[in-house]
Protein chains: 2
Amino acid sequence: MARTPAPRGTRAATLSDVARLAGVSVATASKALNGRNHVHPQTRERVMQAAAQLSFSPNSLARGLLAGRTGTVGLLTSDLVGRFSLPILMGAEDAFGAGQVSVFLCDARGDAIRERHHVQALLSRRVDGLIVVGSSTNPRPPLADAVDVPVVYAYAPSEAPEDLSIVPDNVNAGRMAVEHLIACGRTRIAHISGDREYSAARDRAAGAQAALDAAGLELVGEVAYGAWEEGWGRAAAGMLLDREPDVDAVLCGSDQVARGVLDTLRERGRRVPEDVAVMGFDNWDVLATGARPQLTSVDMNLEELGRAAARALFEAIDAEHGRAVHTVQCRVVVRGSTASAG
Amino acid sequence: MARTPAPRGTRAATLSDVARLAGVSVATASKALNGRNHVHPQTRERVMQAAAQLSFSPNSLARGLLAGRTGTVGLLTSDLVGRFSLPILMGAEDAFGAGQVSVFLCDARGDAIRERHHVQALLSRRVDGLIVVGSSTNPRPPLADAVDVPVVYAYAPSEAPEDLSIVPDNVNAGRMAVEHLIACGRTRIAHISGDREYSAARDRAAGAQAALDAAGLELVGEVAYGAWEEGWGRAAAGMLLDREPDVDAVLCGSDQVARGVLDTLRERGRRVPEDVAVMGFDNWDVLATGARPQLTSVDMNLEELGRAAARALFEAIDAEHGRAVHTVQCRVVVRGSTASAG
DNA sequence: AAAGGGTCCGAAAAGCTTTTCGGTCATTGC
DNA sequence: GCAATGACCGAAAAGCTTTTCGGACCCTTT
């Protein structure tokens with residue numbers, strides 16, 4: 001493939017260059033390229049050819065300067081390394097990229113100073129809006145700076161109720177999980193969760209309890225809060241089996257925890273799903289599909305959450321929009337670990 | 001915290017506003033804020049206060065338009081969902097963000113059309129440079145468009161030898177892994193790898209072979225190529241134990257494969273690391289630390305790779321720079337699965 | 001043949017910052 | 001007291017695109 005060698009130093013062609021080559025004024029060239037009226041078809045064609053020949057691409061800086069709108073947004077994450085920012089970011093990038101919007105990515109690394117620095121940088125670049133992605137579902141303080149563009153908080157809602165936040169519906173996730181287990185014929189359901197400090201853990205437990213109540217069932221034992229780790233899942237499952245040998249389903253706070261629970265069940269000779277069904281949250285592919293049997297999990301639809309945040313930001317940019325907390329629904333992804341006992 | 005309510009619609013303050021408030025000309029205001037000479041300290045102070053009062057932040061668009069340099073770079077990934085883009089991206093973001101550079105993030109999702117579209121958008125935004133992050137270490141075709149700014153290829157090198165590429169040193173990674181196993185007293189070492197189509201798999205195997213040769217050892221069995229999955233690790237380990245019962249170390253093509261291998265070893269009653277040492281690549285935290293015992297792994301230093309790519313791009317922006325393929329070194333992270341047998 | 005209308009093109013301004021260069025004022029030296 | 005020097009400030013241009021408005025030209029109609 002004979003690629004044109006990149007002409008370094010050859011500054012990019014401007015509209016003037018195109019106009020000169022086409023033998024028209026810059027005004028006419030602009031109108032021709034932007035499909036405006038009052039340009040003779042023949043002239044337009046000449047301009048188009050000239051533009052193609054010079055591989056002209058209009059300078060977005062100048063355009064943004066004039067229009068007062070840049071077609072850029074800032075995506076401010078507090079923890080890129082974490083598991084949850086990435087899909088949200090992908091969804092947002094997807095929604096924006098499909099349009100004409102480019103995304104500035106910033107990672108504050110959980111540091112408030114860095115966050116302010118990034119916000120300032122984004123504002124000086126005149127972004128049209130901002131999406132702030134939290135690292136957990138716990139509410140976070142709103143941006144410290146006065147920001148004159150719309151802001152949407154994703155995953156972690158803002159503590160300020162007047163801000164617009166898009167969060168996953170963890171309560172409903174818990175409810176759907178238990179409903180699935182009940183639909184699989186399970187009645188003795190235990191819940192091994194993660195860190196109690198996370199509202200995600202508490203909300204899922206609350207949703208699970210609601211579903212149990214609705215079915216007239218009781219949770220087996222207490223909700224076992226611990227850590228978001230395989231090791232905790234293994235340990236907690238051991239204790240659970242000691243105390244409640246007749247458990248027939250374990251709802252786990254995350255796929256990591258579920259992996260640990262699966263390990264212990266296997267070691268104790270309990271078959272999954274025949275004897276005990278196991279279910280996780282997050283639908284983390286590498287963990288869920290690598291498990292034996294593959295793990296049924298609740299997908300929080302984070303990519304959709306990112307898209308929803310992007311859409312909300314669009315609307316807020318175009319018009320002052322009602323502010324509130326919106327939730328995104330989740331879905332159960334059924335795999336081998338909960339095959340129906342019915 | 002009494003946050004200033006975001007004054008939506010209040011267009012951002014310009015330098016003229018500051019100058020007017022301070023009672024000076026825009027030229028003086030500019031010089032005062034940028035620390036230029038020939039401004040009376042008292043005047044400078046007045047300007048600074050006016051700027052603070054209006055929370056003025058200079059319009060980067062206008063600045064970039066004038067300077068011919070925007071202080072932005074494009075980060076073009078082909079597969080954001082993959083495991084490897086993210087740390088590279090973090091490293092790059094880190095290196096740039098520390099300076100005054102902002103990063104445009106684009107995900108082409110492995111689609112050439114989308115890639116071209118993104119490149120065009122980035123060029124029209126006048127980025128100062130481009131980092132192209134591949135989804136595997138296999139060489140990829142160079143960008144289809146003529147690009148008049150520097151480009152650095154990260155992870156996947158460009159097929160064009162004149163391009164600048166930064167890649168992990170998989171050969172050396174394989175060598176270091178085997179050297180570690182030998183240092184642990186192992187002599188009967190097998191290698192269960194991933195997909196043969198990946199140069200990463202082949203390079204690591206080549207490095208491992210080189211280290212074995214240097215130590216006068218032979219690989220136990222053949223390199224077992226398969227898939228980057230736990231299931232493959234489980235299956236391959238079963239076959240390995242059947243054929244080569246006296247193996248005392250398994251080098252795995254990835255942490256995922258290693259997890260599967262650990263599973264099978266446990267089921268077959270082989271103790272790790274006493275009977276068999278196990279080692280992976282990638283140092284994927286959630287897999288390596290969740291394993292029992294925790295998994296020794298080779299970290300490819302991808303974040304450092306991202307930083308190196310950013311630095312290389314910096315240099316290429318400042319001056320036409322020597323083009324070539326550079327490699328980034330890896331490191332062994334020792335955990336329980338290879339405790340010394342000596 | 002002149003006027004009117006329509007079609008098309010071009011000049012100019014706006015958007016914001018930085019830099020250069022010229023101008024003003026005060027101070028100092030003779 | 002005058003000239004020269006230095007310190008400080010302001011006008012203006014450059015960077016690129018889009019839009020508005022006025023002008024030029026051609027064709028038609030009376």
Side-chain angles (χ1 to χ4, degrees), chain A residues 10-48 50-51 54-72 100 120-121 123-128 148, chain B residues 10-48 50-51 54-72 100 120-121 123-128 148:
Chain A
T10 319
R11 106 195 174 302
T14 90
L15 191 57
S16 305
D17 300 331
V18 175
R20 197 174 318 120
L21 181 58
V24 298
S25 72
V26 289
T28 303
S30 172
K31 280 179 290 195
L33 293 174
N34 291 303
R36 290 279 171 285
N37 298 334
H38 304 302
V39 177
H40 197 278
Q42 208 168 324
T43 309
R44 187 187 303 276
E45 182 56 28
R46 257 205 342 275
V47 173
M48 305 274 267
L54 299 175
S55 63
F56 167 77
S57 119
N59 187 326
S60 293
L61 298 174
R63 191 178 258 175
L65 191 56
L66 194 58
R69 182 182 284 208
T70 56
T72 61
Q100 303 299 323
Q120 285 307 320
L123 290 180
S124 94
R125 295 199 186 279
R126 295 299 185 270
V127 293
D128 296 332
D148 58 356
Chain B
T10 320
R11 106 193 175 303
T14 90
L15 190 57
S16 305
D17 301 330
V18 175
R20 197 175 317 121
L21 181 58
V24 298
S25 73
V26 290
T28 303
S30 173
K31 281 179 287 195
L33 293 174
N34 291 304
R36 289 279 172 284
N37 298 334
H38 304 303
V39 177
H40 197 278
Q42 208 168 324
T43 309
R44 186 187 304 276
E45 182 56 27
R46 259 207 337 277
V47 174
M48 304 275 268
L54 299 174
S55 63
F56 167 77
S57 118
N59 188 325
S60 292
L61 297 174
R63 192 179 256 175
L65 190 57
L66 193 58
R69 181 182 285 208
T70 56
T72 61
Q100 303 300 322
Q120 285 307 321
L123 290 180
S124 95
R125 294 199 187 279
R126 297 298 185 268
V127 292
D128 295 332
D148 58 355

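The chains referred to below are lettered A, B, ... by the order of the sequence lines, with proteins before strands, and numbering in each begins at 1.
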| Nearest nucleotide by nearest heavy atom, which residue falls closer to the 5' end of DNA chain C, B:Asn34 or B:Leu65? | B:Leu65

| query | Among C:dT17, D:dT17, C:dA12, which nucleotide sits nearest the side chain of A:Ala27? | reply | C:dA12

| query | A:Arg46 has an atom CZ; how far is it from atom C1' of C:dC9, in whole Å? | reply | 11 Å

| message | Does A:Gln120 have more than 12 heavy atoms from other residues, nucleotides or ligands lying within 6.0 Å of its CD? | response | yes

| What nucleic acid atoms does A:Thr14 come within less than 4.0 Å of, heavy atoms only: base, sugar-phosphate, or nothing? | sugar-phosphate

| Distance below 4.0 Å between A:Asn59 side-chain N/O and D:dG15 OP1 or OP2 | no

| Atom pair distance, as rounded to whole Å: NZ in A:Lys31 and P in D:dT19 | 10 Å

| note | Out of D:dT17, C:dC16, C:dT17, minimum distance to the side chain of A:Arg63 belongs to D:dT17

| Could you walk me through whether A:Leu15 and A:Ser30 pass the side-chain contact (heavy atoms from CB on, under 4.5 Å) check? | CA-CA 7 Å; A:Leu15 191 57; A:Ser30 172; 3.7 Å; yes

| Beyond-backbone contact of B:Met48 with B:Arg44, side-chain heavy atoms, under 4.5 angstrom | yes

| task | Return the nearest nucleotide to the side chain of A:Ala62; candidates are C:dC9, C:dG15, C:dC21. | result | C:dG15

| Where the side chain of A:Leu15 is concerned, which of D:dG10, D:dT17, C:dG15 is the nearest nucleotide? | D:dT17

| Rounded to whole angstrom units, what separation is found between the CZ atom of B:Arg69 and the P atom of C:dT18? | 16 Å

| note | Looking only at D:dT19, C:dC9, C:dG10, the nucleotide nearest the A:Val24 side chain is C:dG10

| said: Whether B:Arg36 contacts C:dT19 is assessed here as follows: a side-chain N or O lying under 4.0 Å from the phosphate OP1 or OP2. Is that the case? | reply: yes

| query | Between C:dC16, D:dG10, C:dT18, which one does the side chain of B:Leu66 approach most closely? | reply | C:dT18

| Below 4.5 Å, heavy atoms only, C-beta onward: do B:Ser60 and A:Arg126 meet side chain to side chain? | no

| message | Nearest whole Å is fine: how far is C:dC16 C1' from B:Asp17 CG? | response | 11 Å

| query | Can you check the B:Arg20 CZ to D:dG10 P distance for me, whole Å? | reply | 14 Å

| request: Flag the pair B:Leu61 / A:Arg125 as yes when at least one side-chain heavy-atom distance between them is below 4.5 Å, and no otherwise. | output: no

| request: Ignoring backbone atoms, test whether A:Thr28 places a side-chain nitrogen or oxygen under 4.0 Å from the OP1 or OP2 oxygen of C:dG10. | output: yes

| When we call it a touch if two heavy atoms are under 4.0 Å apart, what does B:Thr43 touch: a base, just sugar-phosphate, or nothing? | sugar-phosphate

